[in-house]
Engineer: 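Here it is, the structure, as structure tokens.
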Amino acid sequence: MAEGENEVRWDGLCSRDSTTRETALENIRQIIVRKTECLRLVKETPYRPADGLSNAVSLDGLNKLLAHLLMLSKRCPFKDVRERSEFILKSVQILQVGSEDAQMHTLFADSFAALGRLDNITLVMVFHPQYLESFLKTQHYLLQMDGPLPLHYRHYIGIMAAARHQCSYLVNLHVNDFLHVGGDPKWLNGLENAPQKLQNLGELNKVLAHRPWLITKEHIEGLLKAEEHSWSLAELVHAVVLLTHYHSLASFTFGCGISPEIHCDGGHTFRPPSVSNYCICDITNGNHSVDEMQVNSAGNVSVSDSFFEVEALMEKMKQLQECRDEEEASQEEMASRFEIEKRESMFVFSSDDEEVTPARDVSRHFEDTSYGYKDFSRHGMHVPTFRVQDYCWEDHGYSLVNRLYPDVGQLIDEKFHIAYNLTYNTMAMHKDVDTSMLRRAIWNYIHCMFGIRYDDYDYGEINQLLDRSFKVYIKTVVCTPEKVTKRMYDSFWRQFKHSEKGPYEPPAATFFEYTALGEGSTGSSGDLPGSLPEPRFVREDSRRPQETSL
């Protein structure tokens with residue numbers, strides 16, 4: 001291809017002559033077709049490290065080109081340019097719904113029917129249809145079906161929970177839903193304007209979001225015995241499930257770099273606030289942008305390094321399995337390894353870690369804005385190890401929730417099981433891989449950060465399988481999701497597809513593992529693959545990639 005053949009000229013669109021504009025638009029269309037066809041061929045060609053830089057540069061160019069074209073389709077004063085720009089976008093299937101498979105169509109239809117919208121969370125989560133189906137069913141039940149709490153309370157609690165993690169995306173979604181179901185606009189001026197009953201929930205919301213190991217039965221008793229502002233047990237279970245749902249969803253939202261829909265406030269800037277420089281081709285095809293590649297001191301992209309990272313990880317998994325087969329560590333040794341990992345998790349933090357001051361439109365929905373995550377064994381504090389075998393979701397939390405809020409326990413349990421077992425048996429370019437060891441390491445590392453231990457797991461495997469950069473990302477997504485950055489995401493698993501690298505929610509069952517709502521309380525104190533990241537351009541006709549989650 002001759003040099004300059006792919007150079008886009010926009011000046012012809014400024015002409016007052018319609019014929020000149022038409023010629024310019026046709027040239028732009030042909031360039032886009034060539035670029036998308038080239039990227040399609042790259043995707044179908046076996047991976048070649050030497051091609052990495054040129055491929056990434058092509059993606060970056062297409063990314064900017066599509067952004068410019070979308071802007072023209074909305075803002076150009078010439079009607080023919082607006083209409084032709086929109087046509088070009090649709091012709092390359094960027095903004096068109098209609099060619100998704102039957103399962104995706106059903107999920108999209110269900111989501112739209114329930115919410116009146118097809119939001120970006122759904123369009124990211126659809127990489128994993130089985131999980132999305134369970135998620136939508138659970139969320140629909142929590143927000144819209146018969147339950148102990150009135151509808152406007154449910155959405156307001158969602159606002160309170162999302163605000164604790166400074167997730168303006170979720171806050172704004174539920175502000176609109178709150179008003180739609182008849183909520184009092186005055187409540188939105190600040191938590192102090194809401195009923196005292198909801199204000200009383202603020203302390204539990206705060207501790208559950210940031211330091212769940214500090215929850216005791218006294219927190220529950222204070223809500224149940226608040227005289228005229230008291231909660232019933234059924235209402236409180238409903239509220240707690242909503243709080244944990246939206247704390248976790250805030251982690252998913254920040255971890256994916258999800259931004260507002262293009263018609264919403266903040267949705268027209270093209271770049272997401274936390275994870276930027278991606279276009280829809282990156283997401284749906286699992287490709288990578290040039291910023292994801294590591295650059296060495298000479299300024300060259302080291303694609304081969306990331307290629308060998310995958311091989312090294314698979315080799316570690318093989319070696320660990322062989323060690324398992326040869327000998328099993330004693331209970332004392334496994335307990336010691338857990339304590340070591342628990343202590344080490346306190347020292348996993350980002351070098352650019354700094355406080356994020358919440359905006360007024362978010363902070364008005366909660367009190368004590370300075371309260372946040374703190375490692376549980378610092379400043380002279382010590383949290384006893386919590387053994388899952390002593391009290392857990394499966395044996396205790398499930399029955400409690402299902403008794404007080406019928407059917408929701410079953411829905412949550414289904415979601416947990418799908419999250420734990422979800423796999424397509426792939427690792428980057430490798431297929432037919434047993435990823436159970438890696439997935440369990442991630443799941444148990446998240447619990448470890450909350451002081452929760454599984455007696456039957458060797459925590460020595462975590463340091464073998466999860467490098468520091470991955471631990472930084474996981475800890476940030478789980479504990480302080482508002483601090484997630486693109487740099488964190490780029491620093492690990494560089495050869496994996498976006499749909500394989502998704503964030504992992506903090507376990508919502510953690511609350512029920514620390515206290516049984518006052519019944520049998522100790523008084524102490526996911527993996528959830530998603531799809532990174534959510535772009536400005538949401539390809540609504542995407543089909544599930546051949547290689548998605550681990």
Side-chain angles (χ1 to χ4, degrees), residues 63 93-95 97 100-101 103-112 114-115 117-139 162 165 167-170 172-173 245-246 248-264 266-267 270-289 292 415 418-419 422 424 473 477 481 484 486 488-490 493 496-505 526-545 547-550:
N63 189 27
Q93 297 181 333
I94 296 297
L95 298 173
V97 177
E100 70 273 5
D101 60 31
Q103 183 182 19
M104 285 193 177
H105 178 81
T106 299
L107 290 172
F108 287 157
D110 289 346
S111 178
F112 190 84
L115 301 174
R117 61 176 179 263
L118 199 57
D119 58 37
N120 287 344
I121 289 175
T122 300
L123 294 171
V124 172
M125 208 176 283
V126 80
F127 271 108
H128 311 290
Q130 185 184 11
Y131 181 80
L132 175 59
E133 182 177 11
S134 178
F135 171 85
L136 291 175
K137 190 164 50 174
T138 302
Q139 183 165 266
H165 281 310
C167 187
S168 58
Y169 175 87
L170 289 175
N172 291 333
L173 281 183
H245 178 81
Y246 283 101
S248 298
L249 195 55
S251 290
F252 183 88
T253 301
F254 279 113
C256 290
I258 291 178
S259 296
E261 286 68 38
I262 195 166
H263 63 282
C264 299
F270 180 60
R271 295 184 184 277
S274 57
V275 182
S276 57
N277 290 342
Y278 294 95
C279 80
I280 186 58
C281 301
D282 304 335
I283 313 308
T284 56
N285 296 330
N287 294 316
H288 302 271
S289 72
E292 290 176 78
K415 190 158 73 82
I418 291 173
L422 183 60
Y424 303 100
Y473 175 75
V477 166
V484 172
K486 180 177 180 294
M488 293 178 192
Y489 172 74
D490 287 344
W493 286 9
F496 284 72
K497 293 179 180 294
H498 294 306
S499 49
E500 292 177 302
K501 290 182 63 170
Y504 299 81
E505 291 185 24
D527 63 339
L528 174 54
S531 305
L532 231 321
E534 167 53 36
R536 271 316 157 182
F537 300 111
V538 179
R539 177 175 176 176
E540 298 170 334
D541 74 321
S542 60
R543 294 175 293 277
R544 189 182 77 186
E547 299 178 22
T548 48
S549 171
L550 293 173

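Throughout, numbering of the chain's residues begins at 1 and tracks the sequence. Predicted model only: the values in this text are computed from it and were never measured. Scope of the values below: all heavy atoms of this structure, side chains included, with no hydrogens, waters or symmetry mates.
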Engineer: If we ignore hydrogens and angles and just use 3.5 Å, is the side chain of Ser251 paired with the main-chain N or O of Pro481 as donor and acceptor?
Structural biologist: no

Engineer: I need the minimum non-hydrogen distance between Ala162 and Tyr246, along with the two atoms involved.
Structural biologist: N-CB, 4.3 Å

Engineer: Under the side-chain contact (heavy atoms from CB on, under 4.5 Å) rule, what do Leu123 and Phe108 come out as? Steps first, then yes or no, please.
Structural biologist: CA-CA 8 Å; Leu123 294 171; Phe108 287 157; 3.6 Å; yes

Engineer: Over all heavy atoms of both residues, which pair between Lys415 and Phe135 is shortest? Give the atoms and the distance, please.
Structural biologist: CD-CA, 4.0 Å

Engineer: Looking only at atom types and distance, does a side-chain atom of Tyr489 sit under 3.5 Å from a main-chain N or O of Val484, one as donor and one as acceptor?
Structural biologist: no

Engineer: Aromatic contact between Tyr424 and His128, with the criterion being ring centroids under 6.0 Å apart: yes or no?
Structural biologist: yes

Engineer: Among Asp110, Leu107, Leu136, whose side-chain contact (heavy atoms from CB on, under 4.5 Å) with Thr122 holds?
Structural biologist: Leu136

Engineer: Where do Tyr169 and Asp119 land on the side-chain contact (heavy atoms from CB on, under 4.5 Å) test, with the steps shown first?
Structural biologist: CA-CA 11 Å; Tyr169 175 87; Asp119 58 37; 3.6 Å; yes

Engineer: Looking at every non-hydrogen atom in both residues, tell me the closest pair between Ile418 and Tyr131 and how far apart they are.
Structural biologist: CG2-CA, 3.8 Å

Engineer: Taking all atoms of both residues into account, what is the closest heavy-atom pair of Thr253 and Cys167, and its distance?
Structural biologist: CG2-SG, 3.8 Å

Engineer: Locate the shortest heavy-atom distance separating Gln139 from Leu249; write the atom from each residue and the value.
Structural biologist: OE1-CD2, 3.9 Å

